[in-house]
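Below, read A as the first sequence line, B as the second, and so on, with proteins coming before strands; counting in each chain starts at 1.
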Protein chains: 2
Amino acid sequence: MTTMKDIAKVLGLNESTVSRALNNHPYVRPETREQVMEAARRMNYRPNTLARSLATSRSYVVGLVISNIANLFFAEVTKGIEGVADAHGYSVILCDTGRNAAKELKYLDLLARRQVDGIIFMSGRLPADVVAAIKQQRCPVVTVSRDGTRYGIPTVRINNRAEAAKATRYLINLGHRRIGFISGQLDDAESGLPRLEGYRAALEESGIGFDPDIVQEGDFRMESGMRACARIMQSPPRPTAIFAANDEMAIGAMKTLSQLGFKVPADVAVIGFDDTAFATVVTPPLTTVAQPLRMLGTSAMEMLLKLMAGHRLADIETVLECQLVVRASCGGTGL
Amino acid sequence: MTTMKDIAKVLGLNESTVSRALNNHPYVRPETREQVMEAARRMNYRPNTLARSLATSRSYVVGLVISNIANLFFAEVTKGIEGVADAHGYSVILCDTGRNAAKELKYLDLLARRQVDGIIFMSGRLPADVVAAIKQQRCPVVTVSRDGTRYGIPTVRINNRAEAAKATRYLINLGHRRIGFISGQLDDAESGLPRLEGYRAALEESGIGFDPDIVQEGDFRMESGMRACARIMQSPPRPTAIFAANDEMAIGAMKTLSQLGFKVPADVAVIGFDDTAFATVVTPPLTTVAQPLRMLGTSAMEMLLKLMAGHRLADIETVLECQLVVRASCGGTGL
DNA sequence: GCGCGGCTTGCAAGCGCTTGCAGACTATGC
DNA sequence: GCATAGTCTGCAAGCGCTTGCAAGCCGCGC
């Protein structure tokens, strides 16, 4: 490998001059710079980022701590992050935790050793020890779709409560009065519980009673949606619509409905949440509230860039709007 | 940040002794080691990986160059890679190319600057300039699901031709004689063309003629599967089965079939390829040849580990078996 | 003709860690 | 009691790059 020293030697210059030429420092004679550039090209020089980082204490690496990269939801967000990171000269180290708090801690430590300039954290429920580990990092950390804000950690998220209410209102406007709800885990304070609250709030604002028989707890996976739907459908009067707290459970519900002989949307309307790629694949295509997944990633990375640049954030929290994507699973288009 | 020098100073030792104690070098007096360990703990010492890497010229980082992380196929493989990488102390830098050759080159260069110890390459079609860039890397590179072998690049892959024949034979054994085929891009020498060849070979070994009217080229995306299926179904005699070169196109075909009023599998059987999460989500669940996605990743990383350790590979190519996963989209279970 | 300020370059120290070499010290065997 | 072979530790150089400081150079204005 050719180093700056090699170039310097060849040109009879000092290493520091070569460095300045390469980093277009102002005070370098144009001809000198050209010589250096030319030699670098000719000798196939590649700066050693490690050495540079050691000297400058900037690594231009960020860590991404994530629950599960094989999950479409996280994968989309990751795509957004990687895109803007790269556009700004940052590389991203991928840390897949499997939602395991011990691994989260381990990765946080690892990233610190690797001298990353920033961390995007999108895994698990932020237990106390993880929060502590995050706060004592010497580099900025931003969480996405977590309730980091309550611990003073910059966060980008959506308003789960409001968006769930939006979806529920859509069904109500379509004329539905008896609407089943399949929730996520209710001990999940970020997206599990708030979506239920939004559902409930929308019902109440329309004077529709809340019937616990037709809200069932799931775990965000398809099978749980199937089971929940089965339970919901056996609570007369029969619901005419089902709102599931994510797409996979909505799809599970659709499966169960079809097994029970119900047509979607003719007999019962189904609406999901997230708008991952699953929504378009299923038949009928799923109406769902679309999380701006990609943008969740880009916003988080942009936030992190600001922090790494030493700026204070105008607002510690960025809340992104979702959009209701109307496909076929609820029939009409409503208002 | 506390450094080795700090620890050394506190204990009245030399930095080098501290280093040896921390790296459990044999010749360190047990009490000394214990002192050092204790001080390190107390002072909250975290080794600076950058500095270590610079000194040892081992970064314990690998680069992953990938077409699109938001694609389930790649995301699964990535999960496999990250898992074994982490288990062996390696971190992975994620490089999403969007199948853009210029970006592939850019990332290859970037990774070299970052002094990665190895690269897993899983993007694009390996044009000449990319191959050249790969070969002149100073670190080992392995490709996955690419025809790197022809350029002497270690590769892990499946036997697309044989697996496609397997799927076709399954349909034949089910009694189908007129089987439509939706291919990927035929200029894709890795998975596009070979799957068509396998289809054709299986037909011919059963004495079934190859009818170009019922093989249509798609692009591995759902919409192309829909269009291709429409064309296929209007070539009498009407096919009783359709084999799509991946799951997304198979799902597209199922959509079209249902629009045309055909029942799957009663009227026409559908089989896919890959077994991404889509296959289970769709109704009826898709019978498909399951690529060992996770294992593609783990094998690739294991191969890379061997290479990075300086071992010669027994075989430059690892070929993994697929498994036919029978769900409902082809009806019966066949032989 | 002299001083001053702005360019341009070199010198050297430093980022935090590793490692070959050598010296000191200990235990062992004869 | 001494040589020898191990143990243990320190010294110093080095990984490849950056950067503050100083020195040399130039042209300019007075």
Side-chain angles (χ1 to χ4, degrees), chain A residues 1-37 39-40 43-61 89 109-117 138-139, chain B residues 1-37 39-40 43-61 89 109-117 138-139:
Chain A
M1 278 297 82
T2 113
T3 72
M4 283 191 174
K5 194 188 290 180
D6 298 331
I7 299 185
K9 199 171 300 167
V10 164
L11 298 180
L13 287 173
N14 185 284
E15 222 178 317
S16 59
T17 304
V18 173
S19 170
R20 284 187 273 252
L22 257 17
N23 295 300
N24 38 51
H25 183 100
Y27 290 163
V28 176
R29 192 152 46 95
E31 305 109 80
T32 307
R33 181 188 313 277
E34 200 35 66
Q35 273 179 57
V36 171
M37 291 302 198
M43 301 171 71
N44 202 357
Y45 170 71
R46 270 183 183 145
N48 181 327
T49 314
L50 254 36
R52 177 176 228 274
S53 298
L54 185 58
T56 59
S57 25
R58 298 291 261 101
S59 63
Y60 286 92
V61 174
D109 183 57
L110 177 71
L111 291 174
R113 295 170 181 235
R114 287 213 182 273
Q115 315 295 120
V116 297
D117 293 338
R138 1 137 284 153
C139 70
Chain B
M1 277 297 83
T2 114
T3 72
M4 284 192 173
K5 193 187 292 182
D6 298 331
I7 299 185
K9 199 170 300 168
V10 164
L11 299 180
L13 288 173
N14 184 283
E15 222 178 317
S16 60
T17 304
V18 174
S19 171
R20 284 188 273 254
L22 257 17
N23 294 300
N24 38 49
H25 181 100
Y27 289 164
V28 176
R29 192 153 46 95
E31 306 108 79
T32 308
R33 181 189 313 278
E34 201 34 68
Q35 274 179 55
V36 171
M37 291 302 198
M43 300 169 72
N44 202 356
Y45 170 70
R46 270 183 183 147
N48 181 326
T49 314
L50 254 35
R52 177 175 228 274
S53 297
L54 184 59
T56 59
S57 25
R58 298 293 259 100
S59 64
Y60 285 91
V61 174
D109 182 58
L110 177 71
L111 291 173
R113 295 171 182 234
R114 288 212 182 273
Q115 315 295 118
V116 297
D117 293 338
R138 3 136 285 154
C139 70

| field | Between C1' of C/dG16 and CG of B/D6, the distance in whole Å | value | 10 Å
| query | Backbone N or O of B/S53 within a donor-acceptor pair of the B/S59 side chain at under 3.5 Å? | reply | no
| Euclidean distance, atom CG of residue A/L13 to atom C1' of C/dG10 [Å, nearest integer] | 10 Å
| field | Shortest side-chain distance from B/S16, nucleotide among D/dA12, D/dC8, C/dG10 | value | D/dA12
| task | Output the single nucleotide from D/dC17, C/dT18, C/dC21 whose closest atom is nearest the side chain of B/S19. | result | C/dT18
| said: With a cut-off of less than 4.0 Å, is there a side-chain N or O of B/R29 near OP1 or OP2 of D/dT9? | reply: yes
| message | Need one value for B/T3: base, sugar-phosphate or nothing, where a base atom within 4.0 Å counts as base even if backbone is also close, heavy atoms only. | response | sugar-phosphate
| said: I need the residues from residues 49-60 of chain B with at least one non-hydrogen atom less than 4.0 Å from DNA chain D; give them sorted by number, or say none. | reply: B/L54, B/A55
| request: Would you confirm whether B/R46, through its side chain, and B/M1, through its main-chain N or O, come within 3.5 Å as a donor-acceptor pair? | output: no
| remark: Whole-Å distance, B/L11 CG to D/dT9 P, equals 11 Å
| message | Between P on D/dG14 and CD on A/E15, what's the gap in Å once rounded to a whole number? | response | 13 Å
| Can you find a donor-acceptor pair, distance only, under 3.5 Å between B/R46 side chain and C/dG16 base? | no
| task | Check step by step if side-chain contact (heavy atoms from CB on, under 4.5 Å) holds for A/V61 and A/R114. | result | CA-CA 9 Å; A/V61 174; A/R114 287 213 182 273; over 6 Å; no
| request: Could you grab the distance from atom OG1 of A/T49 to atom CG of B/L111, nearest 0.5 Å is fine? | output: 9.5 Å
| query | Side chain of B/N23, backbone of B/H25: donor and acceptor closer than 3.5 Å? | reply | no
| For A/Y27 and D/dA23, is the shortest distance between a side-chain N/O and OP1 or OP2 below 4.0 Å? | no
| Option from B/T32, B/L22, B/I7, B/V36 for which side-chain contact (heavy atoms from CB on, under 4.5 Å) with B/T17 holds | B/T32
| said: Between P on D/dT19 and CG on A/N23, what's the gap in Å once rounded to a whole number? | reply: 8 Å
| said: Nearest whole Å is fine: how far is C/dT8 C1' from A/Q35 CD? | reply: 13 Å
| note | Contacts of A/T17 and B/H25 projected onto DNA chain D by closest heavy atom; the upstream (5') one is B/H25
| query | Between atom CG in A/L22 and atom P in D/dG16, what is the gap in whole Å? | reply | 15 Å
| note | Value for CD (A/Q115) from CG (A/D117), rounded to nearest 0.5 Å, stands at 9.0 Å
| query | Relative to the 5' end of DNA chain C, which residue comes earlier, B/N48 or A/N14, by the nucleotide with the nearest heavy atom? | reply | A/N14
| said: So if I take every side-chain heavy atom of A/R20 and compare against C/dT9, C/dT8, C/dG20, which nucleotide ends up nearest? | reply: C/dT9
| Distance in angstrom units between A/M4 CE and D/dT19 P, rounded | 10 Å
